[in-house]
Amino acid sequence: MTGRRIVFLGPPGAGKGTQAELVAAALNVPHISTGEMFRDAVASGSELGRRAQEIMEAGDLVPDDLTSALVAERIAAPDAECGYLLDGFPRTGAQAEALDAMAGGTVDTVMLVEVDEEELVRRLLKRAAESGRSDDNEVTIRRRLEVYRDLTEPLVRLYESRGLLRRFDGVGTVEEVFARLMLGLAR
Ligand code: AMP
């Protein structure tokens, strides 16, 4: 069994959020989703929420310093002492650096959930039609995919060079993908 400080990496629409939640529950570590933290902040009408809302609706990234500070505080909480699963963080080189510098921020495993672009767009458009998420519309979807390619995808190579990356096929039912991830982690 690998260590329990895990990063989930993958493009929007890869099913990362759903799987991250399941894997975190199975490993009994907190699921820390920056997207969720920002959505909660928007819903609460806090200062952070007001700053994040417009950025999220455009499909852009909330500034690195703000995001990293939020994660640093969260992983310092007692429930994250024995591990955590980061979902949607880091998303830029600066965030990866910030994570390295955080107390307890040395991650053990980076799980990359891969789905080809055509399937991603199909899934995201379907979700856009069904969900109430205000950042799920066609223009924002394209922008989020572009942001992933430009800013987040380079992290794949970074973690690969550190020997921490594990690739997983994200195509299949929720149960199939979950089984694949758990099997991979057990190795
Ligand atoms: P997600 O639920 O992970 O797709 O995140 C939804 C939105 O929240 C993103 O499109 C960004 O606007 C914002 N967000 C989430 N995580 C981060 C992050 N690590 N850095 C900057 N912005 C983020």
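Numbers for residues simply follow the sequence, beginning at 1. For ligands, and for the atoms within them, numbers begin at 1 and follow the listed sequence.
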- Quick one: side chain to side chain donor-acceptor pair (under 3.5 Å) partners of D60, sequence neighbours excluded? R143
- Note on the structure: Expected contact list for ligand 1 at under 4.0 angstrom, heavy-atom basis, is T34, G35, F38, R39, M56, D60, L61, V62, T67, G88, F89, R91, Q95, R133, D135
- Under a 4.0 Å N-O cut-off, is there an ion pair linking E160 with R157? no
- Side-chain heavy-atom pair D87, K16 within 4.5 angstrom cut-off: yes
- Flag the pair P63 / I55 as yes when at least one side-chain heavy-atom distance between them is below 4.5 Å, and no otherwise. yes
- Do the side chain of T140 and the main chain of E57 share a donor and acceptor less than 3.5 angstrom apart? yes
- Pairwise side-chain contact, Y159 with L112, heavy-atom cut-off 4.5 Å (strictly under): no
